[in-house]
Amino acid sequence: MSASPSGHDTSRTRSWWGWGYADSHPDDAECVAMGALLPGTLARPLPIPRVADLAIARPGVTPPSSLAHLVSTDPGVRAAHAMGKAYRDIIRALRGRPGRIPDLIARPTDDREVADLLDWAGGQGVAVIPFGGGSSVVGGVEYRGDTHRAVLSLDLTSMDRVLEIDTVSRSARIQAGTLGPVLEEQLRPHGLTLRHFPQSFEFSTLGGWLATRAGGHYATGRTHIDDFVQSLRVVTPAGSSTSLRLPASGAGPSPDRLFLGSEGVLGVITEAWMRLQERPRHKASASVTFADFTDALEAVRVIAQSDLSPANCRLLDPGEALLSGASRDGSSVLVLGFESATGRVDDRLASALELARAHGGRVGAPTANGGTAPAEGDVPADAAVSAWRSAFLRMPYLRDGLARMGAVVDTFETAATWDRIPALIDAVRTEVGSAALKATGHPATVNCRLTHVYPDGAAPYFTVAVAGRPGDEVGIWDDIKAVASDVLHRHRATITHHHAVGRDHRPGYDLQRPEPFALALRAAKDALDPHHILNPGVLID
């Protein structure tokens, strides 16, 4: 295995056009088999796109000699930084239409180099797109428009070190370009973890998580990256900002809150002090099946409003359970998991399972390092839990395989209060399904799962799959996305719970955001980025 100085495996090639590693994509036969499940897809998969077939123009600018050593103009590197990993990006690459390819890719190694690059770009009218792992699924790392002379993709992944660990306060100072696995590798010898594991964990960075207010894998408690921040260091065109490292403060509006979720439009996050945790030693999990999805929703609400705080509380509707292999009999499946670094969690799991049984759930035999005995009539859990975990990690690759078959396959997520959840889910299924049928002439699959739950609400996550019209997949996606966004707005649900705004969610964000706050955000943009070079078109104009 080849590794970077920080221990990260570099022997596998990242796909420039699709999700993850190139060698993990479904082969042609698997693509055809998946396409057969969606009537109306192509007979043969679209070919894997090649960088050599793209029309890549010469760079529109030349960096000064003082910065040249930081900059690449390699066509393959430029193509890999042209887009994120949304369905819209994948199908554009497959169709040979990736959009505006950045002129330059810069990889700074410290704050001074970031500042120098921003100074030069501001003077030259060059747009700067901060770039971490490139896993954005909302158009957050691409340039759309023609108002800038050139485009520079500012890749932070050369800034990938845990710089300092405070074991007394259980926190660490970490560079923003650190990918998830690299970060955890450097914390592991100390018995510590950040405990932030989004689905994109392998291919996303700390800075990306902070800039997008990313949500992690865990369903309750501390799961958004906001919860782990002690302080931030941000380089802006107007100067550098470093907040005071504190466990908490009531001193005015938080400077960290200004930059969390700012998606690179106000400055470039270069490092952060992050709260850490001991690595968990005690774990237990089980699955619960429900014949009625409404009963399952009520069970999850009751568990979320208890003080049990499961690490995983993921509810799959019948379609999502079938897709993941967790159930094949039309049942909804709830995957429950608990963990702790200090004590056994069996009693907490048992209490959650009793709540689930009280709402009609059939409980699988718990899997644990020490577990509870199943009740009479319960069903095995190992297969359901394992199937869900495998499908969770494999799903983005399968989406790309279906895209090669001309299918329109995407996900979107939201959050709303419990009183609105049932009607919201019904409306999305009905209206998005109808929009997909109207746009394509084919029936669509619209599945739902709950990924995060709170005492006052939940985060539904929807999967949409339908055969597209060859060559018009992006237009179909745009139509479906517009209908979905309208449904969310009418039901007073957020345009995004953890995927960020980017460019794709911008219309919905404009509706959700109070106008006085928009006024303040524009003023902050004018003050911190006077030349308006940072990630143009995201959050504000």
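Side chains included, hydrogens not; waters and symmetry mates left out as well; all remaining heavy atoms used. Numbering of residues begins at 1 and proceeds along the displayed sequence.
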Check: Any salt bridge (charged side-chain N to carboxylate O under 4.0 Å, His left out) pairs touching residues 255-266, not counting sequence neighbours?
Finding: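 Every pair satisfying salt bridge (charged side-chain N to carboxylate O under 4.0 Å, His left out) with a residue in residues 255-266: Asp226-Arg257.
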Check: Any salt bridge (charged side-chain N to carboxylate O under 4.0 Å, His left out) pairs touching residues 238-248, not counting sequence neighbours?
Finding: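 Found Asp166-Arg245.
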Partners of [X] by side-chain hydrogen bond (donor to acceptor under 3.5 Å, both in side chains), sequence neighbours excluded?
| X | answer |
| --- | --- |
| Ser158 | none |
| Ser153 | none |
| Ser340 | Thr342 |

Just jot down the side-chain contact (heavy atoms from CB on, under 4.5 Å) partners of [X], sequence neighbours excluded, or say none.
| X | answer |
| --- | --- |
| Glu113 | His69, Leu70, Pro108, Thr109, Asp110 |
| Asp23 | Arg12, Tyr21 |
| Glu271 | Leu163, Arg173, Arg233 |

Check: Does any donor atom in the side chain of Glu413 or Thr451 lie under 3.5 Å from an acceptor atom in the other side chain?
Finding: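 Note: Glu413 and Thr451 side chains miss the donor-acceptor criterion.
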Margin query: Could you tell me if Gln175 and Thr270 have a donor-acceptor pair between their side chains, going purely by distance under 3.5 Å?
Written below: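 No, no side-chain donor-acceptor contact under 3.5 Å.
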Notebook entry, point to check: Does anything in residues 288-344 pair up under ring-ring contact (aromatic ring centres under 6.0 Å, His included), and if so which pairs, sequence neighbours excluded?
Noted result: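 Sorted pair list comes back empty.
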Tell me every residue that passes ring-ring contact (aromatic ring centres under 6.0 Å, His included) with [X], counting only those two or more places apart in sequence or in another chain.
| X | result |
| --- | --- |
| Phe259 | none |
| His81 | Phe131 |
| Tyr218 | none |

Note to self: Donor-acceptor check, side chain of Arg281 to backbone of Glu339, threshold 3.5 angstrom: yes or no?
What the structure shows: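 Side chain of Arg281 to backbone of Glu339, a donor-acceptor pair under 3.5 Å: no, none is there.
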